[in-house]
Visitor: 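I am attaching a structure below and will ask some questions about it afterwards.
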2 protein chains.
Amino acid sequence: MTRPTARVLALLELLQAGGTRTVVDLAERLGVDQRTVRRYVEQLREMDIPVDGVRGRYGGYRLARHYRMPPLMLNDEEGLAVVWALLVNQHAHSGPVTPLVMETATAKVRRVLPAALARRIDAVLRAVDFTGERRPGAEDHDDAEARPGADEGAQTLLGLAEAARDQRPVAFAYRTRQGHAATRHVQPHGIVAYRNLLYLTGFDADRQAQRTYRLDRMADLRLLPGTFEAPANIDPVAQVLGPLSAAPSRYDVSVLIRADPAYVRRWIPETLGSVAPASPPDAADGHDWLQVFLRAERLEWVAGTLAMLDRPFIIQQPETLKTVVLALGRRLAERSAQ
Amino acid sequence: MTRPTARVLALLELLQAGGTRTVVDLAERLGVDQRTVRRYVEQLREMDIPVDGVRGRYGGYRLARHYRMPPLMLNDEEGLAVVWALLVNQHAHSGPVTPLVMETATAKVRRVLPAALARRIDAVLRAVDFTGERRPGAEDHDDAEARPGADEGAQTLLGLAEAARDQRPVAFAYRTRQGHAATRHVQPHGIVAYRNLLYLTGFDADRQAQRTYRLDRMADLRLLPGTFEAPANIDPVAQVLGPLSAAPSRYDVSVLIRADPAYVRRWIPETLGSVAPASPPDAADGHDWLQVFLRAERLEWVAGTLAMLDRPFIIQQPETLKTVVLALGRRLAERSAQ
DNA sequence: TTAATACAGGTCATATTCCGCCCGGAAATG
DNA sequence: CATTTCCGGGCGGAATATGACCTGTATTAA
């Protein structure tokens, strides 16, 4: 019992006995100074063990009653669902928490599962190999970028959600795309999960306008005093998806493509364009043609997609797209000749 | 985690996750020297915590099976991690269990969380909108297909994992790509999660050959009597990825591309090809060029990808690819003229 | 057999931490 | 109001933890 670690553990055991104990009492039993007992309590709290301090006469320290997880009565499928979900997320690393947290959470959950189920699930964990693939779908984002707020991701999400629910304005440091950091004052409306990223929509008090923010670019979230009135008709999803598909300097593209709808859909997600059967301009062959509308930031991307599809197409709009496709065709021809 | 005390307890937590861990692993996780980890183990042993040391290759430290520290409550981040993972999986519907099971599991987990945390997480669930996105990355599979075995997916996975661990042969009904159903007798070796699908690798007793099966096409899994000897060198991952990237009628493609590696990686996943910096053939500009090797089933796909990338490239191999790219370029030019 | 892996543990110089002892403060009780 | 109890800052010296380096040994694969 000469080591601090052992004493902290002993303190935990004392508290686990139940009831409320004063610092004086604890200090005597552990053979250390009262101040040291307080420091130990501090340590336990840092380990997320909820030690309540009751002030005043008849006060003392006590353990919050639900510091142990009650046994989770999950059946086989449910137990697997929980562990599996954690595992997949850990590998994909989407969402607001780090893989490390996923791991400790998995361990804790596993420990409260019924022994028989735990053993079965261990077999699964050992048998299954996850390929090292990254989750695709990051085309729209610069993923190379570091995530400085990754550790506090959970707190940011929890805090924003509560603020939105309670209609309380928030402030946070925001790193813009250019790397500048600045403080934003926002009335949070909703949070949208899209393509493995989280976005906050809200009303920017400084700019007096609706804005969208990426949660992984936020830091130092804090509540501001007061409340706000949430506007009636807000659609956070539309607000997030809108700018992504209908950006300021956008092109409305209209093309006919002779292909299978499902095939086309592999390259043009729903959020970017519509795909519908169409009758061809010349009545030669009566079907197979699709009318595709889409909005794009760059016509080069559209040209590339048309090339990737490698199906007959007819460009209707805009005229410029024809030039871009022609240019791409020439570049390809040229390069292939080398 | 700067305190020694906290680190010792953290080590205990790590060991409680189960399994055997090496000192190197533990030292990295705790951020201390290996010697220090050994000292920590010593401390735990002094506290009568039975830490077994397993020597030799595949050795490591492990907790004696009986010892169980009371499972601590999930903290904010961990609670969020569990619920979030379930939620994401529910929407993406990957893995072996149905969304309905996800839902009941989520409800049960939510109920054991401390009230304060449960309230915070409820706020998150209410605030976050999931866009209706399907998980991308399904290009290789026919996802439209129904999943008849979805309900028993969990049992199939659990059963196969146990069979693989215990080296017991199994039988199951298998629906082939053409829709035929037939019974297979297999010695299960490993399970691989790839692109949201699960694959079993094993030795087909009837065909006397290594085979790969999709778990979502299996039904009526049952154990067969007897055991089998698992071959020494099996690599389930390679066996699953092999046929996908190195198909029978394949092309070895070698190109130089002048672009950013991360940019190229968006279109060429790791499983399909390698990307490495290269010196250009003409020493004109000394950098920026990447040497890309990839294997493809169809050269048209390679040509489309080169078009999509829209960066300067030089085709090295195969000669045929030049023709294909040239043809694509001409088609594009032609179509854009209409 | 040899090589590789991984636990076991000694020693020593140097940080770092821990501890007890101050202190003033805040909250509950009566 | 006084009392009890938690709360936590600061300080200096003692105790401890740490990393670097080293030798040894058990186990397994080739």
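Just so we're on the same page: letters track the sequence lines, and every chain starts at 1.
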Visitor: Which atom names give the shortest non-hydrogen contact between L215(A) and L200(A), and what distance separates them?
Guide: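 Reported closest heavy-atom pair: CD1-N, 3.6 Å.
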Visitor: By the 4.0 Å heavy-atom rule, please label V54(A) as base, sugar-phosphate, or nothing.
Guide: sugar-phosphate
Visitor: Would you say that more than 12 heavy atoms from the other residues, nucleotides or ligands in this model lie under 6.0 Å from the CD of E229(A), or not?
Guide: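 No, the 6.0 Å shell around CD holds no more than 12 heavy atoms from other groups.
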Visitor: What is the distance, to the nearest angstrom, from the CG atom on L11(A) to the P atom on dC6(D)?
Guide: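 Atom CG in L11(A) sits about 12 Å away from atom P in dC6(D).
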Visitor: Report all interatomic pairs (protein N or O, nucleotide N or O of nucleotides 26-30 of chain C) with separations under 3.5 Å.
Guide:
from    : atom 1 : to     : atom 2 : distance (Å)
dA27(C) : O4'    : R55(A) : NH1    : 2.7

Visitor: Between A81(B) and A105(A), what is the shortest heavy-atom contact and its length?
Guide: CB-CB, 4.5 Å
Visitor: Could you list, one pair per line, each protein nitrogen or oxygen that sits under 3.5 Å from a nitrogen or oxygen of nucleotides 12-17 of chain D, together with the distance?
Guide:
from    : atom 1 : to    : atom 2 : distance (Å)
dT16(D) : OP1    : T2(A) : OG1    : 3.4

Visitor: Does V41(B) reach a base, just sugar-phosphate, or nothing at all? Heavy atoms under 4.0 Å.
Guide: nothing
Visitor: Is a salt bridge present between E162(A) and R119(B), judged by a nitrogen-to-oxygen distance below 4.0 Å?
Guide: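 Salt bridge between E162(A) and R119(B), a charged N being under 4.0 Å from a carboxylate O: no.
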Visitor: Q34(B) CD to dG19(D) P: how many Å, rounded?
Guide: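 So the CD-P distance, Q34(B) to dG19(D), works out to 11 Å.
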Visitor: Nearest-Å distance, CG (D25(B)) to C1' (dC7(C))?
Guide: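 One finds 15 Å between C1' of dC7(C) and CG of D25(B), rounded.
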Visitor: What closest approach, in Å, do I121(B) and L80(B) show between heavy atoms, and which atom pair accounts for it?
Guide: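 Shortest heavy-atom contact: CD1-N, 3.7 Å.
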Visitor: State whether R21(A) places a side-chain N or O below 4.0 Å from either non-bridging phosphate oxygen (OP1 or OP2) of dC6(D).
Guide: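 So the side chain of R21(A) is outside the cut-off, no N or O lying under 4.0 Å from OP1 or OP2 of dC6(D).
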Visitor: Just the rounded figure in Å: distance from C1' of dC12(C) to CG of D33(B).
Guide: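 Rounded to the whole Å, the gap is 14 Å.
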Visitor: How many Å lie between CZ on R35(B) and C1' on dC21(D), as a whole number?
Guide: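 The answer, rounded to whole Å, is 11 Å.
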Visitor: Would you mind reading off the distance between E28(B) atom CD and dG19(D) atom P, rounded to a whole angstrom?
Guide: 14 Å
Visitor: Please enumerate all residues that pass side-chain hydrogen bond (donor to acceptor under 3.5 Å, both in side chains) together with Y213(B), with sequence neighbours excluded.
Guide: D204(B)
Visitor: I want to verify a distance call: between dC7(D), dC7(C), dG20(C), whose nearest atom is closest to the R45(A) side chain?
Guide: dC7(D)
Visitor: Without decimals, in angstroms, what is the distance between Y61(B) OH and dT5(C) P?
Guide: 18 Å
Visitor: Write down the atom of I191(A), the atom of L160(A), and the distance for their closest heavy-atom approach.
Guide: CD1-CB, 4.0 Å
Visitor: Any ion pair linking E103(A) and R29(B) (charged N to carboxylate O, less than 4.0 Å)?
Guide: yes
Visitor: Using OP1 and OP2 only, check whether a side-chain N or O of R38(B) sits under 4.0 Å from dA20(D).
Guide: no
Visitor: Under 4.0 Å between any heavy atoms, over every strand shown, what does V23(A) touch: base, sugar-phosphate, or nothing? Just pick one.
Guide: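 Result for V23(A) = sugar-phosphate.
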Visitor: Using atom CG of L44(B) as one end and atom P of dA8(C) as the other, report the distance to the nearest whole Å.
Guide: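 So the two atoms are 13 Å apart, to the nearest Å.
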Visitor: Whether R184(B) and D206(B) form a salt bridge (side-chain N of Lys/Arg under 4.0 Å from carboxylate O of Asp/Glu) is what I want to check.
Guide: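 Here D206(B) does not pair with R184(B) in a salt bridge, since their nearest N and O are not under 4.0 Å apart.
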